[in-house]
Amino acid sequence: MNRIETLQRLRDARPIIAPSMLKCDFGNLNREVERLTEAGSKLLHWDVMDGHFVPNLSYGAMLIERVRPLTDMLFDAHLMISDPAKYLDEYIKAGCEAITFHIEAVPEPVSLLRRIRDAGCVAGLALNPGTPLEVIAPFVSECDLVLVMSVQAGFGGQSFIPASVEKLKQARQMLSADTILSVDGGIGAKTIAACAGAGTDLFVAGSAVFDQSDYKLAVAELSRLASRPN
Ligand code: DX5
Ligand code: ZN
């Protein structure tokens with residue numbers, strides 16, 4: 001799979017509901033992946049935390065690599081780590097089709113975005129709620145995906161920050177129609193439609209999927225709400 005094919009798959013799958021694996025049952029990963037496949041998920045969102053860029057620690061490329069053979073779903077690694085350049089190759093080797101890192105960790109992101117693209121992956125740039133869009137403006141032509149954090153990166157289960165809707169609208173205006181606009185944090189039945197209305201393509205959802213007993217129902221309901229923007 002190359003980058004152009006991945007981008008086409010992503011565009012065709014819009015609105016994309018991406019389960020955040022931070023919230024999955026790690027004692028039952030195989031079954032969780034099966035359930036998400038049955039739910040019709042097209043992309044898994046892997047939250048990588050280093051206990052340094054964010055206060056929390058999660059998992060690394062080894063775990064992602066073990067899950068890779070279990071599914072054809074696309075993998076997006078959300079690297080909440082201080083030195084993504086150092087570890088990038090591990091996530092490429094693990095089979096991630098998309099790799100997203102933070103502008104706050106890499107203020108001069110062009111060479112890293114190019115490394116990701118040159119490896120055949122979709123290159124994503126994330127920004128935390130406190131970081132204005134102007135900070136990423138010079139680099140958006142180098143991005144395939146922009147991830148607007150609607151909570152401070154670091155933990156699942158936080159409340160959606162309402163100002164994110166306006167930020168998404170402005171991001172949509174800043175980006176070419178081809179660039180995937182993604183939102184992450186506190187996405188659920190009460191918040192997803194407003195984000196969709198702002199022009200968001202991809203919705204990361206942790207609690208709104210994994211706290212439900214029926215993943216298929218949860219993904220279908222989120223997709224429905226994202227398809228009918230307010
Ligand atoms: C937060 C992570 C999110 C988080 C989403 O740092 O990037 O992906 O797990 O979880 P919910 O949907 O529960 O806010
Ligand atoms: Zn995330």
Side-chain angles (χ1 to χ4, degrees), residues 1 5-6 8-49 56-80 91 93-100 121-122 124 126 145 147 149-151 153-160 180 182-193 195-196 200-228:
M1 158 105 30
E5 282 172 23
T6 303
Q8 199 52 54
R9 263 175 81 178
L10 287 172
R11 289 184 193 121
D12 291 348
R14 288 178 294 189
I16 306 155
I17 308 300
S20 159
M21 297 303 281
L22 194 61
K23 295 281 290 188
C24 81
D25 176 0
F26 287 101
N28 255 316
L29 253 180
N30 208 328
R31 179 68 191 129
E32 292 285 68
V33 171
E34 268 175 25
R35 290 179 70 193
L36 292 168
T37 305
E38 284 160 16
S41 300
K42 301 288 189 290
L43 179 139
L44 296 185
H45 177 93
W46 295 98
D47 285 302
V48 177
M49 303 180 177
N56 204 6
L57 192 65
S58 59
Y59 44 74
M62 190 193 293
L63 181 130
I64 298 172
E65 195 168 4
R66 295 292 164 89
V67 179
R68 183 66 281 181
L70 305 180
T71 175
D72 290 333
M73 279 183 272
L74 295 170
F75 281 11
D76 181 13
H78 175 194
L79 302 181
M80 287 166 274
Y91 293 90
K93 184 171 157 280
C96 296
E97 284 90 358
I99 299 178
T100 300
C121 298
V122 164
L145 181 154
L147 172 58
M149 291 302 299
S150 39
V151 301
F155 297 90
Q158 302 182 74
S159 298
F160 181 83
I180 304 284
S182 175
V183 66
D184 182 3
I187 294 299
K190 294 198 175 104
T191 53
I192 195 167
C195 297
T200 309
D201 305 303
L202 194 162
F203 307 83
V204 178
S207 315
V209 173
F210 291 103
D211 289 355
Q212 314 304 314
S213 51
D214 186 335
Y215 296 171
K216 189 170 185 175
L217 206 62
V219 170
E221 179 63 0
L222 291 171
S223 297
R224 187 183 69 78
L225 291 167
S227 305
R228 295 186 190 175

Give the minimum heavy-atom separation between [X] and [Y], together with the two atoms involved.
X    : Y    : value
R35  : S213 : NH2-O, 2.6 Å
Q212 : A218 : CG-CB, 3.7 Å
G206 : S20  : CA-CB, 3.8 Å
V204 : S182 : CG2-OG, 4.2 Å
A39  : V219 : O-CG1, 3.7 Å
M80  : A153 : SD-CB, 3.6 Å

Do [X] and [Y] make a side-chain contact, defined as non-hydrogen atoms from C-beta onward lying under 4.5 Å apart?
X    : Y    : result
T71  : L36  : no
H78  : M149 : yes
V209 : K23  : no
L74  : K42  : no
I64  : V48  : yes
K216 : E38  : no
Y91  : L79  : yes

Supply the atom-to-atom distance [X] [atom1] to [Y] [atom2], rounded to the nearest 0.5 angstrom.
X    : Y    : atom1 : atom2 : answer
D184 : Q158 : CG    : CD    : 10.0 Å
S207 : I187 : OG    : CD1   : 11.0 Å
D47  : N56  : CG    : CG    : 9.5 Å
L43  : R9   : CG    : CZ    : 9.0 Å
I192 : F203 : CD1   : CZ    : 5.0 Å

So, does [X] use its side chain to make a donor-acceptor pair with the main chain of [Y] at under 3.5 Å?
X    : Y    : value
S58  : M49  : yes
T191 : G186 : yes
T200 : C195 : yes

Does any pair with a residue in residues 56-76 pass salt bridge (charged side-chain N to carboxylate O under 4.0 Å, His left out), and if so which ones, sequence neighbours excluded? E65-K93, R68-E97

Could you please spell out the steps behind the side chain to side chain contact (heavy atoms under 4.5 Å, CB included) verdict for D201 and L10? CA-CA 9 Å; D201 305 303; L10 287 172; over 6 Å; no

Ion pair check, R224 and E221, cut-off under 4.0 Å: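 Counted as a salt bridge, because a side-chain N and a carboxylate O are separated by less than 4.0 Å.
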
Show your reasoning for whether side chain to side chain contact (heavy atoms under 4.5 Å, CB included) applies to M73 and V33. CA-CA 9 Å; M73 279 183 272; V33 171; 4.1 Å; yes

Indicate the ring-plane relationship of Y59 and F26, choosing parallel, tilted or perpendicular according to the 30° and 60° boundaries. tilted

As a quick check of understanding, evaluate side chain to side chain contact (heavy atoms under 4.5 Å, CB included) for L29 and C24, giving each step before the final call. CA-CA 7 Å; L29 253 180; C24 81; 3.9 Å; yes

Can you name the ring-ring contact (aromatic ring centres under 6.0 Å, His included) partners of Y215, sequence neighbours left out?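 If we apply the ring-ring contact (aromatic ring centres under 6.0 Å, His included) test to Y215, skipping adjacent residues, the hits are F210.
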
